[in-house]
Amino acid sequence: MTKKNTFIIISLFFVLMSFGQKKTRADRFFEKGDYINAAKYYEEELEKKRHKKAIENIAVCYYNIFEYRLASRYLKQLVKGKYAEKDKTYSNQYNFKLYQVLSALGDYETALDYFKLYKENLSVSLDTSESIEVIEAFKLKNSDYEVKKSQFNSDASDFGAVKFNDSVYFTSDRDNKKLLRKKYKWTHQSFLDIYAVKVNENNDTIGSVKSLPKVINSKLHEGNFCFTNDGNTLYVSRSNYTNGKKEFNDQSTNNIHLYKTIRINGKWSKLEKLAFNKNGFSYQHPALSPDGKRLYFSSNMEGGYGSFDLYYVALEVDGTTGEPVNLGKTINTENREHFPFISQEGHLFFASNGHLGLGMLDNFVSEYVNDAFTQPINLGTPINSRYDDFNLNYYNTEEGFFSSNRNKKNDDIFKFKQTGEIFIREYINRFEVRDIETKEYIPNTTVVLKDKKGNKKYTNTLDSLAFFNINLLANKYEFTAKNESYIPRTLNVTVVEKQDQKHVLYLKKLPPPAPVDPVETVISEKKIDKKLKEEDPRRFELLTDVEGPPVVEKDGKLFFQLAPIYFNFDKWDIRADSKKILDELAAKLERYPNIYLKISSHTDSRGTVRYNQILSERRAESTRNYLALEGFVNARRMQFQGFGELEPIVPCPMLDCTDEEHQLNRRSEFEIVKY
């Protein structure tokens, strides 16, 4: 940004010299607003003596001529007290300037430290981490605009383009070819004038650029302007004149005031100053409401919130104006708000360096809702950059112009086309959970949706249709799904500014469990000491063999653990259901030829003791014979013994047992007596 600062009042940066000594050459250039020459001579002074006031002023010089790297160098020296004077205090405005120039240089984290300090000195808190997130969101925000540099720019500063009918009108300090032309001390360029050029439907130039007539363009500055809907009234920012002579305020500054001219029979009338202008203040950047009943502008008049605020005045039918009305603290800050524009929908577009942005002036929009302007939204890239971006206006519902010095030289005019929704809206988003192989929904899945700060936006256990719809702001989210049969997974989701977005989280089934080592299972279940493998490998082998009837240990003895070998009441022949059990035992004994058994048989308590003893012996013998004759186990490896009713599992005094309990007592046991 270069020439537009004319309309941000020179006295904003004007600092009178007061060293208690004779003014230097640098001081005199500084007081005249010739910051280029002032900086040159302050450099020479600072090589000899580092005075605080010289460092302040050279920082202001480089700030005003957009040499931000040099400005940051001297601002850092100022805030760190690197000067001769003992008084190391400094004005809070320099914290803000350092925040701005560091932002323009891309060092947002350091910049925000100074912005935080600036805010705290105004008793306002600032969360720098949150501010960094906001700035990153500006930079990462999906672009809502396509921009392109306009064809009618020059090597000078061009800004403030307004399209009316088949022409574009704009402000420029290009060489106007006037004889004995004066140059503006601040920029060493011509004074600002208003120009026009005919364009085609693509806004490409189809004619030469022409200056507006002398009744509008004077020897000094004419800047931002706006037309009424019929094009017959023009409101203009210009250097303050009264009766053809410049007027100065108490600081000898020629402020900017608002004027209007009416076109009658194709000719513009003499510019007329609007009644609400007051000497000592600047009024600039006029913009009309769509119905033409309000004139918006920027001013540093007393009673505002800061440097420059946005105001409006009512325009009466008889041509008079009401009193200025401040747009309030939602829009205005303690710093600068400029270049208002009201869209056909009533929304307010403006430039500000007081709201958090990408650097220097940024373009913002405030939606008009319920007769009030809402919290401003930064329009993000590519409309905004680290440098000055300003003066955005539309000539239809989608297209318009804005200005920027992002090329690090002079201001240029850019044309834009809006391609997205600029206001914060919630968009319909569908979330689904599907099998990665079959692509089918995964029922009974628990889902959680969180925003980037970890706040839960949605949580539920989905049914057979594993999806849900939710309205979300454009932002980053985390979508997590869990199901007992699948590997849980989190999907990072970016919600963009469009409707009906779908996000599918694919889950992969859990792999089948690893094969369980049966030996390890037996060792664990039987609590076998692994040292046994070395101390008694044969015993260890028998206890851990999982094929066939298992071997268990009871009171230090080894037994085959078989399903019960049952006998019918008063019988000793092997039942059919027991033959299968004994066949399995025979097969295992074949694999272990060194095992010797003792077969013990027991009866229930029905019958006499002697009878039961004989019966048990016959049952034991019957079991041994079956193994020998049917299972082909060497009979010499097996001994047998009957115990009658002497060792019941379930005692039955007075024969008070059920048939099932008597059946339990009729049993056989197989002890390993040698292995």
Side-chain angles (χ1 to χ4, degrees), residues 518 522 525-526 538-539 541-653 655-675:
V522 169
E525 290 177 350
K526 295 182 178 179
R538 177 69 68 178
R539 190 182 189 89
E541 181 183 3
L542 288 172
L543 286 170
T544 58
D545 187 351
V546 295
E547 184 179 348
V551 176
V552 296
E553 187 171 10
K554 297 178 184 179
D555 300 326
K557 299 178 180 180
L558 297 182
F559 294 85
F560 280 107
Q561 189 178 50
L562 303 179
I565 305 298
Y566 292 125
F567 297 90
N568 291 326
F569 176 68
D570 203 30
K571 300 291 184 183
W572 58 83
D573 53 317
I574 303 298
R575 288 180 9 176
D577 56 354
S578 295
K579 290 180 179 179
K580 183 177 179 181
I581 298 170
L582 293 175
D583 289 343
E584 292 175 353
L585 175 60
K588 191 155 189 173
L589 289 172
E590 185 177 356
R591 291 195 291 113
Y592 291 93
N594 295 323
I595 286 180
Y596 285 77
L597 285 181
K598 177 183 178 182
I599 302 171
S600 300
S601 183
H602 304 267
T603 68
D604 59 35
S605 56
R606 290 177 293 185
T608 65
V609 173
R610 176 174 173 76
Y611 177 81
N612 287 336
Q613 179 64 36
I614 295 171
L615 182 62
S616 66
E617 290 175 357
R618 289 179 178 177
R619 286 176 175 173
E621 183 180 14
S622 177
T623 302
R624 190 278 311 266
N625 291 342
Y626 181 86
L627 288 172
L629 297 174
E630 301 293 334
F632 304 104
V633 178
N634 190 330
R636 281 184 257 178
R637 294 171 58 193
M638 296 178 286
Q639 39 180 300
F640 62 90
Q641 183 177 354
F643 289 88
E645 60 182 70
L646 300 178
E647 296 181 2
I649 293 176
V650 181
C652 297
L655 303 179
D656 188 17
C657 276
T658 65
D659 289 342
E660 290 77 12
E661 290 171 332
H662 284 305
Q663 178 77 5
L664 289 174
N665 288 333
R666 298 194 298 270
R667 69 194 188 281
S668 294
E669 295 175 338
F670 302 84
E671 180 185 355
I672 300 174
V673 294
K674 182 180 177 183
Y675 54 84

- Only one of D604, I649, T603 passes side chain to side chain contact (heavy atoms under 4.5 Å, CB included) with R667; say which it is. I649
- Query: Within a radius of less than 6.0 Å around CZ of R591, do more than 12 heavy atoms belonging to other residues, nucleotides or ligands occur?
  - Reply: yes
- Item | More than 12 heavy atoms of other groups within 6.0 Å of Q641 CD | yes
Separation between [atom1] of [X] and [atom2] of [Y], rounded to the nearest 0.5 Å:
X: R606; Y: D659; atom1: CZ; atom2: CG; value: 6.0 Å
X: L589; Y: F632; atom1: CG; atom2: CZ; value: 14.0 Å
X: I565; Y: D577; atom1: CD1; atom2: CG; value: 8.0 Å
X: I574; Y: E630; atom1: CD1; atom2: CD; value: 10.5 Å
X: T544; Y: R539; atom1: OG1; atom2: CZ; value: 12.0 Å
X: D656; Y: E661; atom1: CG; atom2: CD; value: 8.0 Å

Between [X] (side chain) and [Y] (backbone), is there a donor-acceptor pair under 3.5 Å?
X: D555; Y: K557; value: no
X: K588; Y: P549; value: yes
X: Q613; Y: G642; value: yes

Does the side chain of [X] reach to within under 4.5 Å of the side chain of [Y], using non-hydrogen atoms?
X: H602; Y: N665; result: no
X: I672; Y: L597; result: yes
X: F670; Y: L582; result: yes
X: F643; Y: S600; result: yes
X: E660; Y: L664; result: no
X: V650; Y: C657; result: yes
X: L543; Y: L558; result: yes
X: Y626; Y: K579; result: yes

May I ask you to decide whether [X] forms a salt bridge with [Y], counting only side-chain N to carboxylate O separations under 4.0 Å?
X: E671; Y: K554; value: no
X: R538; Y: E541; value: yes
X: D573; Y: K571; value: no

Do you know which two heavy atoms are closest between [X] and [Y], and how far apart they sit?
X: R618; Y: W572; value: NH1-CH2, 3.4 Å
X: K526; Y: V551; value: NZ-O, 2.5 Å
X: Y592; Y: R637; value: O-NH2, 2.7 Å
X: A635; Y: R624; value: CB-CD, 4.2 Å
X: S578; Y: P564; value: OG-O, 4.1 Å
X: G644; Y: S616; value: N-OG, 2.8 Å

